Amino acid sequence: MAGFQVLPERNGYWGHFLADAGLPGCARVGPGRAVQWIDENCLVFSTWRRSSNRGFLFVLSLMALLPLFSMAMNVMLSIKGGAQGWPHLIVLAALFFAGMIGCLALALHLYRKPAEPPVVLSRRLRKFYAWLGPSRGWQSLDYDTVVPISRSDSVRGKHVSMPVQVLAVVALAPGGRQIDTFLPLSEPALNDAGPEDLWEFLRHYMNGDMSTLPASAAPPPWDGVQADLVQLERLVFDPRIDRDHRVSGLSGWLHILFPGSLVFWFELAGFWLLRRAPRVAWPDALAGEVDALTMKASPNPAAHPQQWTGALWVRWLLPALFNAVIVLAPMVLLALLPWTTGGS
């Protein structure tokens with residue numbers, strides 16, 4: 001989204017405009033994974049899937065402690081006296097211990113880092129609320145004055161870029177087309193309906209009859225590691241695993257086994273950190289209704305029998321073991337290296 005500072009007047013390569021916010025909507029499909037909670041007062045979007053990087057760094061920082069400690073101990077045991085151990089071996093051991101302290105500090109920072117709250121749309125107040133960081137805090141955008149757009153962008157990988165469309169609303173500075181606030185509403189990977197259908201759903205929600213609104217999927221439970229597995233299946237492995245946690249044939253099982261063996265502990269650690277992270281306080285205008293909504297969406301063990309047994313762990317047992325081997329094996333080899341090379 002970098003460099004997008006002035007809103008064009010016409011559709012073009014940048015994207016296209018969507019229907020005005022004040023027009024009634026007639027939603028044909030639900031919001032899919034783009035919305036996590038909804039009731040007659042407010043709608044809470046799903047958080048953007050940023051937990052993977054957090055989990056990746058957390059797991060690697062803990063795993064790196066093993067080879068760093070092994071190397072530090074090997075160097076310390078090699079010091080036989082002041083003439084043989086100073087200064088190079090002492091400095092080397094100090095560097096390894098400093099690396100251990102750095103890894104522990106990074107893991108602690110990731111554990112204590114507050115979770116970024118999702119965007120909220122208040123039907124009662126007719127406003128979007130978005131957290132823009134500690135320096136700017138919460139900002140509200142008037143639903144009836146924002147400009148809805150489908151913004152062209154790309155998801156960049158190592159070798160390829162995949163074009164995507166991002167549903168966003170724009171608040172303009174007074175007297176021109178200069179963008180004051182650009183607010184993406186849903187990550188493309190989680191927007192199963194697409195920008196147009198999701199915006200139609202939001203207009204129906206804000207301007208239409210709630211009784212005719214397409215049903216949204218029930219929110220996952222938010223207690224314990226079972227909740228992290230549910231999030232893993234719904235946000236990372238959909239549509240290979242549906243909302244009722246049924247695997248879609250052989251291709252679904254292969255997807256669980258092979259990609260799952262590469263990312264399982266990183267993704268699970270990300271969701272675990274996100275669940276245990278400190279929470280940013282909701283704006284005063286929203287606190288009551290969002291708290292009421294989350295209470296209504298609290299998990300009911302009887303309503304999710306599969307999720308409250310060991311069934312999910314049985315499904316992920318092999319990917320968990322394979323991923324543990326993939327992560328641990330290089331660290332164990334590095335830890336053994338100084339003890340198997342004759343002290344060189």
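Fair warning: this is a prediction, and the values are worked out from it, not measured in the lab.
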*Asks:* Looking at Phe17, I'd like to know if its CZ atom is crowded, meaning that more than 12 non-hydrogen atoms belonging to other residues, nucleotides or ligands lie closer than 6.0 Å.
*Replies:* yes
*Asks:* Between Asn207 and Ala21 (side chain of the first, backbone of the second, donor and acceptor by atom type, cut-off under 3.5 Å), is there such a pair?
*Replies:* yes
*Asks:* Salt bridge (charged side-chain N to carboxylate O under 4.0 Å, His left out) with Asp20: which residues, sequence neighbours excluded?
*Replies:* none
*Asks:* For atom CZ of Arg177, is the number of surrounding heavy atoms from other residues, nucleotides or ligands below 6.0 Å larger than 12?
*Replies:* yes
*Asks:* Between Trp37 and Cys42 (side chain of the first, backbone of the second, donor and acceptor by atom type, cut-off under 3.5 Å), is there such a pair?
*Replies:* no
*Asks:* Indicate the ring-plane relationship of Phe264 and Trp313, choosing parallel, tilted or perpendicular according to the 30° and 60° boundaries.
*Replies:* perpendicular
*Asks:* Examine distances only and state if a side-chain atom of His204 and a backbone atom of Ala27 form a donor-acceptor pair shorter than 3.5 Å.
*Replies:* yes
*Asks:* Please check: side-chain N/O of Tyr205 versus main-chain N/O of Asp39, any donor-acceptor pairing under 3.5 Å?
*Replies:* yes
*Asks:* Is a side-chain N or O of Arg126 found less than 3.5 angstrom from the main chain of Met206, in a donor-acceptor match?
*Replies:* yes
*Asks:* Would you say the side-chain atoms of Ser150 pair up with the backbone N or O of Gln165, donor to acceptor, closer than 3.5 Å?
*Replies:* no
*Asks:* Hydrophobic clusters join Ile, Leu, Val, Met, Phe, Trp and Tyr when side-chain heavy atoms are under 4.5 Å apart, directly or via other members; which others share one with Phe258?
*Replies:* Leu250, Leu254, Leu257, Leu318, Phe322
*Asks:* Which pair of heavy atoms, one from Ser122 and one from Leu125, lies closest together, and at what distance?
*Replies:* OG-N, 3.0 Å
*Asks:* So does Arg240 get a backbone contact from the side chain of Ser248, meaning a donor-acceptor N/O pair under 3.5 Å?
*Replies:* yes
*Asks:* For Asp209, look at atom CG and say whether over 12 heavy atoms of other residues, nucleotides or ligands are found less than 6.0 Å away.
*Replies:* yes
*Asks:* Quick one: side chain to side chain donor-acceptor pair (under 3.5 Å) partners of Thr181, sequence neighbours excluded?
*Replies:* Gln139
*Asks:* Looking at every heavy atom in both Ala64 and Cys103, which two are closest together, and how far apart are they?
*Replies:* CB-SG, 3.9 Å
*Asks:* Between the main-chain N or O of Leu262 and the side-chain N or O of Asn323, is there a donor-acceptor pair closer than 3.5 Å?
*Replies:* yes
*Asks:* Is it true that a side-chain atom of Trp253 and a backbone atom of Val247 form a donor plus acceptor pair closer than 3.5 Å?
*Replies:* no
*Asks:* Which pair of non-hydrogen atoms, one from Phe128 and one from Val119, has the smallest distance, and what is that distance?
*Replies:* CD2-CG1, 4.4 Å
